[in-house]
Undergrad: 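The structure is given below, and queries will be raised subsequently.
Convention: sequence-line order gives letters A, B, ...; per-chain numbering from 1. Just so you know, these numbers use all the heavy atoms, side chains as well, and skip hydrogens, waters and symmetry mates.
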Amino acid sequence: MPELPEVETVRRGLHELIIGRKVKAVEHDTPKGFPNAAADVEEFLIGAKITNVRRRAKVLLIDLSTDYTLVIHLKMTGQMVFVSHPSDLSSADLTPLERERTAREAEETIGGGDDGELRFGAGHPNESLVGELPDKSTRVTMTFEDGSHLYFNDQRKFGWMKLMPTLEVPNIDFMKKVGPEPLDAEFTAAEFAERFKRRPKTSIKAALLDQTVVAGVGNIYADESLWGAKIHPERLVNTISSEEFEKLYEELRAVMNLAIEKGGSTDKNYVNAEGKRGSYLTFARVFRREGKPCPRCGTTIIKFKAAGRGTHICPHCQVK
DNA sequence: CACTTGACCTGTCCGC
DNA sequence: TGCGGACAGGTCAAGT
């Protein structure tokens, strides 16, 4: 589910919504979902104020005034949804800014179909995917002093949330191994190509999905960027030219920036911090578009399995 | 060591 | 309509 653009969208939403709020109570389900001793939660989470919301790769970091941090991985179906009042989930009372954004997205959506099909609804940004919370997928409920709530929902229970000292976060194995942020201004095309040399004999798609090469790429943006760069996903890394790496670098950044602008991709579960969908999939060129024409050449897009994942390509633009 | 596959879970969809 | 199997956006452990 959430890849870099989705987690970044959630981060931005939470940054707006929860900083400065003070935690009053926390309820959680299994030790797996929140594997901290109750004593830690009591001592370092209850009564703490949210001071910052950060992101590294696909990991969300909520910093607390106790110098502890909530480290959160949404994995496939995790959601972090803030609710100040139950009625917030209806779209009736949008702010003027939200209203403007919604109108603009709707306009772009109508004009955005490249196959003559009016695709509307599935990616409509104003559509709320969550109903009354908590629901049966809710695994952690955090209540703030002002009565508002932050819910961690996770249907498939792959996600997790951990409480740890802020200073220890960089020492987590994942943080030590994870590659650079692809959207960082200082991250160059040359460094991008260089990172792949650690996986010379694997497929380019498997390497893109490897978080130690570059951070934050998942199945959607791997397929989208490979289509953009006209590279077949099963080609081995050591057969990719430097020109192709440069193109892939540009495409990956472009596609992720566009996705962030569109509030991420919602296929089934993903929602932002307000419980609303992202609309990127309306603009996707190959992902989940098997059987439809390639926007570039009209050839029918096909789906198959590569690097153990559902993979979408244009068989004309992307050859082995 | 490098790389690939299966497991972790629940829900949904598709074919019989 | 019911049931079994395949599949789903991520990551890690175990296997080759």
Side-chain angles (χ1 to χ4, degrees), chain A residues 1-10 29-35 55-60 71-80 122-123 129-131 135-139 152-162 172-179 195-226 233-238 252 255-256 259-260 262-272 277-284 286-291 303-312:
Chain A
M1 171 218 190
E3 306 182 31
L4 188 153
E6 289 72 36
V7 181
E8 176 60 19
T9 301
V10 172
D29 63 344
T30 61
K32 193 201 163 197
F34 201 155
R55 176 190 61 76
R56 176 75 171 97
K58 300 171 191 171
V59 177
L60 265 179
V71 183
I72 302 160
H73 203 304
L74 302 174
K75 289 287 182 83
M76 304 282 256
T77 54
Q79 308 173 331
M80 294 295 294
L129 256 191
V130 297
D135 63 23
K136 65 178 178 178
S137 77
T138 300
R139 301 177 53 204
F152 171 44
N153 303 323
D154 183 20
Q155 186 175 94
R156 283 172 79 179
K157 301 186 178 178
F158 287 177
W160 46 259
M161 186 183 276
K162 282 175 191 154
I172 305 171
D173 275 357
F174 179 86
M175 292 295 179
K176 288 195 283 195
K177 288 189 303 186
V178 71
R195 299 285 306 176
F196 283 87
K197 288 188 178 167
R198 56 174 54 212
R199 305 291 305 277
K201 299 187 77 171
T202 194
S203 69
I204 186 67
K205 176 153 181 177
L208 266 176
L209 294 173
D210 182 343
Q211 301 298 297
T212 70
V213 176
V214 178
V217 185
N219 207 31
I220 298 175
Y221 303 108
D223 281 6
E224 291 289 291
S225 59
L226 287 168
E234 289 178 317
R235 282 183 52 202
L236 299 188
V237 168
N238 63 12
L252 179 63
V255 117
M256 284 193 159
I260 292 171
K262 301 303 172 192
S265 293
T266 295
D267 184 9
K268 290 190 173 64
N269 292 274
Y270 168 74
V271 294
N272 67 16
R277 294 173 164 274
S279 68
Y280 175 82
L281 283 190
T282 307
F283 302 87
V286 286
F287 191 82
R288 281 295 162 84
R289 301 200 64 235
E290 60 270 29
K303 180 179 181 184
F304 60 102
K305 192 160 254 189
R309 317 296 300 277
T311 297
H312 311 73

Undergrad: Would you mind telling me which of B:dC9, B:dG11, C:dG10 lies closest to the side-chain atoms of A:R309?
TA: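 The answer is C:dG10, which lies nearest to the side chain.
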
Undergrad: Check the orientation of A:F174 and A:H73. Use parallel for under 30°, tilted for 30 to 60°, and perpendicular for over 60°.
TA: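 A:F174 and A:H73: perpendicular rings.
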
Undergrad: In whole angstrom, give me the gap between the P atoms of C:dG9 and B:dC14.
TA: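 Result for the P pair: 16 Å, nearest Å.
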
Undergrad: According to a strict under-4.0 Å criterion, is A:K58 in side-chain N/O contact with OP1 or OP2 of C:dT11?
TA: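 For A:K58, the contact criterion (side-chain N or O under 4.0 Å from OP1 or OP2 of C:dT11) is met.
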
Undergrad: Taking any heavy-atom pair under 4.0 Å as a contact, classify A:N219: base, sugar-phosphate, or nothing.
TA: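 Contact class for A:N219: sugar-phosphate only.
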
Undergrad: Measure the distance from CG on A:L129 to P on C:dG9 and round it to the nearest whole Å.
TA: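 Answer to the nearest Å: 17 Å.
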
Undergrad: Whole-Å distance between B:dT4 P and A:L209 CG?
TA: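 Taking atom P of B:dT4 as the reference, CG of A:L209 is at 11 Å.
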
Undergrad: Side chain of A:H73 only, please: which of C:dG10, C:dG9, C:dA8 is the nearest?
TA: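 Minimum distance to the A:H73 side chain belongs to C:dG10.
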
Undergrad: Under 4.0 Å from OP1 or OP2 of B:dC1: is there any side-chain N or O of A:K201 that close?
TA: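 For B:dC1, OP1/OP2 do not have a side-chain N/O of A:K201 under 4.0 Å.
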
Undergrad: Picking from C:dC7, B:dT4, C:dG10, which would you name as closest to the side chain of A:T202?
TA: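 So the nucleotide nearest the side chain must be B:dT4.
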
Undergrad: Measuring only between side-chain heavy atoms, which start at C-beta, is A:T266 closer than 4.5 Å to A:L281?
TA: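 Side-chain contact under 4.5 Å: no.
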
Undergrad: Any luck finding a side-chain donor-acceptor pair between A:Y270 and A:E3 under 3.5 Å?
TA: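 No, A:E3 and A:Y270 have no side-chain donor paired with an acceptor closer than 3.5 Å.
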
Undergrad: Are OP1 or OP2 of B:dC9 and a side-chain N or O of A:Q155 less than 4.0 angstrom apart?
TA: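 For B:dC9, OP1/OP2 do not have a side-chain N/O of A:Q155 under 4.0 Å.
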
Undergrad: Hey, does A:E224 have a side-chain heavy atom less than 4.5 Å from the side chain of A:V286?
TA: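 When only atoms from C-beta onward are counted, A:E224 and A:V286 do touch, with a gap below 4.5 Å.
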
Undergrad: How is A:K303 classified with respect to the nucleic acid when contacts are heavy atoms under 4.0 Å: base, sugar-phosphate, or nothing?
TA: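 Since only primed, P, OP1 and OP2 atoms lie under 4.0 Å of A:K303, the category is sugar-phosphate.
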
Undergrad: Donor-acceptor pair under 3.5 Å: do we get one between A:R199's side chain and the base of B:dA2?
TA: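 Looking at the base of B:dA2, it does not pair with any donor or acceptor on the side chain of A:R199 (distance under 3.5 Å).
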
Undergrad: If you compare every side-chain N and O of A:K157 against the phosphate oxygens of B:dT10 (OP1, OP2), does one of them come in below 4.0 Å?
TA: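 So the side chain of A:K157 is within the cut-off, an N or O lying under 4.0 Å from OP1 or OP2 of B:dT10.
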
Undergrad: Rounded to the Å, how far apart are A:R198 CZ and B:dA2 C1'?
TA: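 Whole-Å distance recorded here is 13 Å.
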
Undergrad: Atom CZ of A:R156 to atom P of B:dA7: distance rounded to whole Å?
TA: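 Going from A:R156 (CZ) to B:dA7 (P), I get 14 Å.
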
Undergrad: Is A:G308 touching bases, backbone alone, or none of the nucleic acid, heavy atoms closer than 4.0 Å?
TA: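 Since no nucleic acid heavy atom lies under 4.0 Å of A:G308, the category is nothing.
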
Undergrad: Look up atom CG in A:D29 and atom OG1 in A:T138, then write down how far apart they are to the nearest 0.5 Å.
TA: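 Interatomic distance, A:D29 CG to A:T138 OG1, rounded to 0.5 Å: 9.5 Å.
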
Undergrad: Quote, to the nearest angstrom, the P distance that separates C:dA14 from B:dC9.
TA: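 These two P atoms come out 15 Å apart once rounded.
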
Undergrad: Taking CD from A:Q79 and P from B:dT10, how many angstroms apart are they, rounded to a whole number?
TA: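 The answer, rounded to whole Å, is 16 Å.
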
Undergrad: Take atom CZ of A:F304 and atom P of C:dA8, then tell me their distance rounded to the nearest Å.
TA: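 From A:F304 CZ to C:dA8 P: 13 Å.
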
Undergrad: Of the listed nucleotides (C:dC7, B:dT4, B:dC3), which one gets closest to any side-chain atom of A:P200?
TA: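 Among the listed nucleotides, the one closest to the side chain of A:P200 is B:dC3.
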
Undergrad: Using a heavy-atom cut-off of under 4.0 Å over every strand shown, decide if A:Y221 touches base, sugar-phosphate, or nothing.
TA: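 Here A:Y221 touches no strand at all.
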
Undergrad: In whole angstrom, what separates A:E6's CD from C:dG10's C1'?
TA: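 Spelled out: CD on A:E6 to C1' on C:dG10 is 12 Å.
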
Undergrad: As a test of reading the structure: which of C:dA8, B:dC9, B:dC3 is closest to the side chain of A:F158, going by heavy atoms?
TA: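 Nearest to the side chain of A:F158 among the choices is B:dC9.
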
Undergrad: Counting only Watson-Crick pairs (N1-N3 plus N6-O4 or O6-N4) and G-U wobbles (N1-O2, O6-N3), all under 3.5 Å, who is the partner of C:dC7?
TA: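 For C:dC7, the partner nucleotide comes out as B:dG11, under the 3.5 Å rule.
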
Undergrad: So, taking the atom named CG in A:L60 and the one named CD in A:E8, what distance separates them when rounded to the nearest 0.5 Å?
TA: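 If I round to the nearest 0.5 Å, the distance is 9.0 Å.
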
Undergrad: In whole angstrom, give the distance that lies between atom CD1 of A:I72 and atom P of C:dT11.
TA: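 Taking atom P of C:dT11 as the reference, CD1 of A:I72 is at 15 Å.
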
